[in-house]
There are 2 protein chains.
Amino acid sequence: MPKPLPLLTSPPPERRDAARNREALMEAAEALIKQHGVRGVTMDALAAAAGVGKGTVFRRFGSREGLMAAVLDHSETEWQAAVMGGPAPLGPGAPPMERLLAFGESRMLLNFKHAELIEAAGYPGQRSLQALSFTTMHVRYLLGELGVEGDLAYLATALVAPLELIVLRQQADRDQISTTRIVAGWTDLVHRVVRPD
Amino acid sequence: MPKPLPLLTSPPPERRDAARNREALMEAAEALIKQHGVRGVTMDALAAAAGVGKGTVFRRFGSREGLMAAVLDHSETEWQAAVMGGPAPLGPGAPPMERLLAFGESRMLLNFKHAELIEAAGYPGQRSLQALSFTTMHVRYLLGELGVEGDLAYLATALVAPLELIVLRQQADRDQISTTRIVAGWTDLVHRVVRPD
DNA sequence: GATCGAAACGGACCATAGTCCGTTTTCATT
DNA sequence: AATGAAAACGGACTATGGTCCGTTTCGATC
């Protein structure tokens with residue numbers, strides 16, 4: 001008798017023990033980070049706190065960076081919800097340009113807020129594509145609403161790039177640019193990109 | 001008798017043994033990287049290859065990331081020379097817009113070429129400000145030549161940001177954007193930023 | 001060229017990320 | 001409920017980044 005035919009490469013369901021441990025690990029990780037800071041959390045301590053073996057931690061997250069990336073993704077969920085369905089101007093309801101500018105400022109602040117975590121998550125080989133995609137997808141959508149012409153996928157990444165922590169750090173630390181000036185600069189950039197010929 | 005008065009906090013000169021070891025370390029590092037790849041180089045192996053103690057390696061570079069940053073800086077010197085004094089259009093002689101576009105493409109290719117090293121150098125807390133500054137300084141200068149008005153320091157960082165490896169990766173790997181399309185996109189971006197109202 | 005304080009050295013030592021593999025749990029099948 | 005294979009588990013083990021501190025080298029001064 002043939003099985004129910006996994007026609008599409010269906011994602012194999014998660015075993016109950018696996019799910020339980022994953023939840024325990026995420027919870028423990030967030031608690032430990034809140035308590036000791038990102039730096040102060042070791043993988044051994046995490047395993048102990050979650051009541052699992054170390055091997056389990058690494059099978060789940062692959063590496064320390066992977067773990068931090070998972071925590072980061074999880075903590076950005078709330079923000080994503082605010083962007084998708086929260087109050088205007090960040091959420092829907094405001095005109096696209098207002099939303100876009102609110103988005104930029106909000107994203108900048110969020111990246112500063114999560115700085116430790118972002119650095120600990122390392123280069124985004126690990127970081128979930130899901131979360132990384134979200135911001136550019138949203139910007140692309142808003143550019144469309146604004147009637148911008150051209151390679152919107154590229155322009156979206158180009159507008160999001162200056163909001164990445166790595167760039168913000170450069171501006172704030174090296175060039176001594178204040179956050180309000182960063183916001184003003186990004187606003188100007190957006191207008192230059194958006195305005196018709 | 002008072003000393004020659006170090007009026008300004010003059011950088012203390014480097015002792016001879018220190019200089020010798022630094023040179024040996026850089027040379028050994030480059031050789032080992034060429035031979036085993038960035039990943040395959042351990043700090044112990046480097047110390048051994050350079051014929052110094054491990055402590056010396058860490059006093060010099062602070063960390064593995066610091067070492068990789070130093071190697072990266074060193075390898076970018078050649079490129080910087082090409083930008084400052086090499087043949088047009090990358091070097092001086094061509095009109096500013098041509099130089100700027102040549103710069104963007106060249107920088108993109110360089111970042112791809114040095115990808116391994118850039119990742120190993122980690123977040124640029126370590127990476128020399130010198131090298132990081134160079135690109136934005138140059139772009140800022142070219143924007144000035146082009147008669148662009150506004151916050152040139154900010155605009156320069158904003159134009160350089162999409163050329164960072166972290167962003168290029170996102171475009172190439174996730175969004176499946178080809179390198180030629182990246183170049184075209186950046187060219188378009190530059191024109192939008194530069195063109196007068 | 002003898003003296004001395006400061007700077008650099010080196011390698012044993014420690015902390016922690018990541019691996020490995022024998023054991024246990026889960027769950028689909030009977 | 002019993003069975004068995006696949007998946008997950010756990011913790012001892014390894015590799016390597018990073019620290020520490022007693023020893024050595026340097027070079028300025030006399």
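Each chain gets a letter, A, B and so on, in the order its sequence line appears, and its residues count up from 1. These numbers come from a predicted model, not from an experiment.
Across the protein-nucleic acid pair, A:L46 atom CG and C:dG18 atom P stand 13 Å apart, rounded to whole Å. In this structure, CG of B:L67 is placed 15 Å from P of D:dT16, rounded to the nearest angstrom. The distance between atom CZ of B:R59 and atom C1' of D:dT24, rounded to the nearest whole Å, is 12 Å. Distance A:E14 CD to C:dA28 C1': 18 Å, rounded to the nearest Å. Computed from coordinates, the B:F61 CZ to C:dG10 P distance equals 14 Å when rounded to whole Å. Taking atom CZ on B:R60 and atom P on D:dT19, their separation rounds to 16 Å, with Å as the unit.
A:E98 places none of its side-chain heavy atoms less than 4.5 Å from the side chain of A:F103. Between B:V190 and B:M97, some side-chain heavy-atom pair lies under the 4.5 Å cut-off. When side chains are defined from C-beta on, A:Q80 does not count as touching A:H138, because their heavy atoms never get closer than 4.5 Å.
In terms of phosphate contacts, A:R16 brings a side-chain nitrogen or oxygen within less than 4.0 Å of OP1 or OP2 of C:dC27. Contact annotation: A:T56 reaches the phosphate of D:dG10 (side-chain N/O to OP1 or OP2, under 4.0 Å). Contact annotation: A:N21 reaches the phosphate of D:dC9 (side-chain N/O to OP1 or OP2, under 4.0 Å). Distances shown here put every side-chain N or O of B:R20 at or beyond 4.0 Å from the OP1 or OP2 atom of D:dT25.
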**Item:** Intermediate values then yes/no, salt bridge (charged side-chain N to carboxylate O under 4.0 Å, His left out), A:R107 and A:E76
**Value:** CA-CA 10 Å; A:R107 183 72 196 168; A:E76 288 208 341; 3.5 Å; yes
**Asked** Between A:L72 and A:M68, does a side-chain contact (heavy atoms from CB on, under 4.5 Å) hold up when you go through it step by step?
**Response** CA-CA 6 Å; A:L72 184 59; A:M68 295 307 178; over 6 Å; no
**Prompt:** Where do B:R174 and A:T136 land on the side-chain contact (heavy atoms from CB on, under 4.5 Å) test, with the steps shown first?
**Reply:** CA-CA 11 Å; B:R174 192 198 65 206; A:T136 56; 3.0 Å; yes
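Ring planes of A:W79 and A:F134: perpendicular class, angle over 60° (limits at 30 and 60°).
Side-chain contact check for B:R64 and B:T42: no donor-acceptor pair (N or O, by modelled atom type) lies under 3.5 Å. Looking only at atom types and distance, the side chain of A:H74 has a donor-acceptor partner in the side chain of A:E30 under 3.5 Å away. Donor-acceptor pairing under 3.5 Å is lacking for the side chains of A:R140 and A:T157.
Position along DNA chain D of the nearest nucleotide to B:D17 versus B:G55 favours B:G55 as the more 5'-ward residue.
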**Prompt:** Dot-bracket for DNA chain C, 5' to 3', counting Watson-Crick or G-U wobble pairs under 3.5 Å, with [ ] for crossing pairs and | for inter-strand pairs?
**Reply:** ||||||||||||||||||||||||||||||
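When atom types are taken as modelled, the side chain of A:W186 and the backbone of B:Y154 share no donor-acceptor pair closer than 3.5 angstrom.
Heavy atoms of A:R22 sit nowhere under 4.0 angstrom from any nucleic acid atom.
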Set out, line by line, the N/O atom pairs under 3.5 Å between protein and nucleotides 2-7 of chain C.
{"from": "C:dA7", "atom 1": "N3", "to": "B:R15", "atom 2": "NH1", "distance (Å)": "2.8"}

Distances for protein N/O vs nucleotides 15-17 of chain C N/O pairs under 3.5 angstrom?
{"from": "C:dA17", "atom 1": "OP1", "to": "A:R64", "atom 2": "NH1", "distance (Å)": "3.3"}
{"from": "C:dA17", "atom 1": "OP2", "to": "A:M43", "atom 2": "N", "distance (Å)": "2.8"}
{"from": "C:dA17", "atom 1": "N7", "to": "A:K54", "atom 2": "NZ", "distance (Å)": "3.1"}

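With salt bridges taken as basic N to acidic carboxylate O contacts below 4.0 Å, none links A:E145 and A:R99.
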